[in-house]
Amino acid sequence: MADISVILPDGSERTLPVGATAADLAADIGPRLAKAALVAAVDGTELDLSALLADGQQVAIITADSDAGLVALRHSTAHVLAQAVLDMYPGATYAIGPPIDDGFYYDFDLPNGATISDDDLAAIESRMREIIAADQPFERHEVSAAEGLALFADHPYKREIIETVAMVPESDGAGQPDGELAEEVAGDGRISYYRNSDSFIDLCRGPHVPSTGRLGHFKLMSTAGAYWRRDAGRPSLQRIYGTAWGSRQDLAAHLHRLAEAEKRDHRRLARELDLVSWPTELGPGLAVWHPKGAVVRRIIEDYSRHRHDEGGYEFVFSPHLARSELWQTSGHLDFYEESMYPAMELDGASYYPKPMNCPFHMLIYKSSQRSYRDLPIRMFELGTVYRYELSGAVHGLMRSRGFTQDDSHIFATREQAPAEIAALVAFVLSVLRAFGFNSFEARLATRPPEKSVGEDAEWDLATEALRDALVAAELDFELDGGGGAFYGPKIDIDVRDAIGRSWQLSTLQVDFQLPERFGLEYVGSDGKRHRPVIIHRALMGSIERFFGVLIEHYEGAFPAWLAPVQAAVLPVAATHGDYAAQVEARLKQDGFRVQVVDAQEPLGRRIRAAKLQKLPYVLVVGDDDVAHATVGVNARGTDAPQRDVPLTDFAAQLAQEVATHS
RNA sequence: GCCCGAGUAGCUCAGUCGGCAGAGCAGCUGUCUUGUAAACAGCCGGUCGCAGGUUCGAUUCCUGUCUCGGGCUCCA
């Protein structure tokens with residue numbers, strides 16, 4: 001028998017008999033790989049392990065160690081989910097079930113409007129485990145679209161996928177019709193499906209793992225409603241989310257990460273640490289700040305003001321309402337009205353709560369004649385805005401309906417703009433770093449295809465200036481085509497928190513439109529009038545969201561400079577109360593936030609309460625301390641207390657920590 | 001806004017197959033006077049989210065509504 005030769009990823013060649021499959025190759029390389037193999041990449045295309053190999057092909061065996069392997073594994077697990085659900089709910093039909101980050105989902109339409117609740121997931125999971133234990137093979141078949149329609153005669157969503165994707169000429173929109181659906185079939189007017197038992201087939205482009213026995217490290221997570229093809233006008237489906245991994249350890253690690261995230265949930269910590277609350281009387285997305293939350297907010301805002309002072313910004317204030325004429329001029333009523341609170345009619349005029357601060361700053365600019373010598377003008381305002389967010393989108397402090405932006409508008413000449421933008425990016429990163437964020441991701445958002453104003457040339461110019469600034473700041477970024485605001489392109493900067501999640505905070509937007517709409521001018525050195533450029537910028541984004549992110553980043557254990565209470569002073573017994581009061585007075589004199597908890601309750605209990613509040617320091621004072629002007633120091637995160645620390649030493653150390661934000 | 005789910009004491013939750021609800025923690029009072037993560041006792045506390053309906057009777061069943069959670073969409 002003749003042989004074929006294939007090339008492995010390391011460049012080596014391997015000789016196999018004609019008719020060998022990728023699975024044979026894996027087995028030839030070694031038994032461990034054969035066992036771990038899930039799919040193969042042949043000349044860059046991912047295929048089932050059953051794929052026949054040909055002479056000269058580049059072949060890589062893919063395992064769950066790679067993203068591609070996990071994708072195949074998750075996609076295959078989604079199929080098993082569909083098999084289980086169709087089996088358990090007679091009359092149910094299935095839509096799509098793609099792999100996603102960390103797992104997969106599958107959408108179902110159940111007969112008679114039945115729903116699946118979280119309680120049903122355990123039963124479905126058991127059925128899935130039976131299917132996995134049966135080690136059913138995933139067999140690939142290809143048929144014509146017409147045959148496919150017959151095969152899935154009872155499943156309208158599958159038929160629609162075939163009609164939408166397989167029966168549309170490839171040239172039509174160049175793969176645009178629906179990328180989500182394209183995953184489900186083979187293309188080229190033919191469709192592929194997988195059979196893993198007599199009773200179950202599913203439309204799928206593949207590849208899949210060889211058999212259900214390769215799966216198993218999964219968990220069904222939640223149910224949700226979702227529209228067929230994301231269209232609110234289409235039927236609503238039951239979606240089941242799951243997570244799937246290559247090993248028990250990976251699954252456990254993932255579940256652990258979720259538990260960690262849950263522990264950090266700012267909504268829970270905000271309540272436990274008495275920072276903010278959301279009284280239902282206020283309505284969705286509206287919070288009140290309690291004294292301890294307000295302490296942190298003041299520090300955040302004061303620090304922001306301090307940095308803006310240093311950065312050459314001028315502070316301004318503006319009211320929360322303005323007549324409709326302003327929003328007409330700014331364009332908000334044309335482009336943003338659905339996100340605005342409705343108008344209040346008053347004295348024959350319509351007053352809208354402000355969704356943005358920009359128009360006010362435009363008017364401040366316009367209040368006097370400006371010279372090129374005045375530019376750039378950098379205005380700063382902690383401006384509270386109101387946006388009518390969709391009720392389902394509101395989420396704690398992260399997405400509110402009333403929030404305060406650390407907003408600035410820089411008015412510059414076109415020549416100044418690039419340097420201003422570059423300096424601004426550096427300024428933004430510097431401030432974010434001061435709060436303990438060290439990892440960033442940026443997006444450069446370009447002109448939206450609809451709902452935007454202005455000349456292409458201006459958009460291009462502005463987009464280039466933003467790109468240059470990102471490059472200069474050595475910030476990695478990705479392109480968000482069409483993601484810009486209606487008036488100009490923008491950079492969004494996300495921070496990564498302590499457990500690797502990213503949050504959008506900063507946004508930096510170039511605007512040629514508002515100067516036009518408001519007729520802003522400056523007199524140039526040539527004595528003629530010119531239009532300035534505006535750079536909008538929110539650095540923390542909103543104080544509310546920023547605080548929410550800080551809470552989750554630090555898990556409520558704020559560094560000393562931010563902590564609402566920096567130290568509690570606990571007298572061992574009532575007789576040490578006077579000394580505790582002296583310690584408190586001394587530390588307060590130094591500007592520290594300190595609280596005495598007197599000896600009404602046992603020391604252990606008071607220690608516990610203070611630790612649960614995540615205070616940076618708990619100071620215990622007893623006889624020895626009274627005698628020697630010392631304190632017992634319990635630093636957060638340490639087990640053993642430090643005894644007999646001179647009070648002056650402690651104060652110096654705390655001062656150092658506050659100064660360095662450590 | 002739409003889909004799914006949930007609302008019981010300040011918090012975490014139990015319970016009532018329809019007969020006006022219970023625990024722990026927290027809070028208050030008293031006793032205890034404490035050297036490193038929960039002293040002891042007592043007390044207070046809920047028109048069971050809200051409004052209708054069904055019923056002799058509704059926290060429980062039904063309808064509507066509000067709020068919250070998950071998702072879709074969107075975003076600072």
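Everything numeric in this text was worked out from a predicted model, so none of it was measured. Side chains are part of it too, since the values below use all heavy atoms of this structure and drop only hydrogens, waters and symmetry mates. Letters go in sequence order (proteins before strands), and every chain restarts at 1.
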(request) Can you check whether any acceptor in the base of B:C74 is under 3.5 Å from a donor in the side chain of A:Arg399, or vice versa? (result) yes
(message) Below 4.0 angstrom, which residues in residues 488-501 of chain A have at least one non-hydrogen atom near RNA chain B?
(response) A:Lys490
(message) Please confirm whether the shortest side-chain N or O distance from A:Arg271 to OP1 or OP2 of B:C11 is below 4.0 Å.
(response) no
(request) Establish, with yes or no, whether the OP1 or OP2 oxygen of B:A76 is under 4.0 angstrom from a side-chain nitrogen or oxygen of A:Gln504. (result) yes
(message) Could you tell me how far B:G42 sits from B:A37 if I compare only their P atoms? Round to whole Å.
(response) 27 Å
(message) Check this for me: does the side-chain of A:Arg608 come within 3.5 Å of the base of B:A38 through a donor and an acceptor?
(response) yes
(message) Using atom C1' in both nucleotides, what's the gap between B:U60 and B:G15 to the nearest angstrom?
(response) 11 Å
(request) Could you tell me whether the side chain of A:Asp623 has a donor or acceptor atom within less than 3.5 Å of a complementary atom in the base of B:G35? (result) no
(message) If I pick the P atom on B:G71 and the same atom on B:A9, what distance separates them, to the nearest angstrom?
(response) 26 Å
(message) Nearest heavy atom decides the nucleotide; on that basis, is A:Gly392 or A:His576 closer to the 5' end of RNA chain B?
(response) A:Gly392
(message) Check this for me: does the side-chain of A:Glu389 come within 3.5 Å of the base of B:A76 through a donor and an acceptor?
(response) yes
(message) Suppose we call a contact any N or O donor and acceptor under 3.5 Å apart; does that hold for the side chain of A:Arg545 and the base of B:C75?
(response) yes
(request) Just need the stems in RNA chain B: three or more back-to-back Watson-Crick or G-U pairs, each with both distances under 3.5 angstrom, sorted by first number. (result) B:1-7 with B:66-72, B:10-13 with B:22-25, B:27-31 with B:39-43, B:49-53 with B:61-65
(message) When you measure from the side-chain N and O atoms of A:Tyr388 to the phosphate of B:G1, is any distance below 4.0 Å, counting only OP1 and OP2?
(response) yes
(message) Are B:G71 and A:Tyr241 stacked, with the base six-membered ring and the side-chain ring centres under 5.5 Å apart and planes under 30°?
(response) no
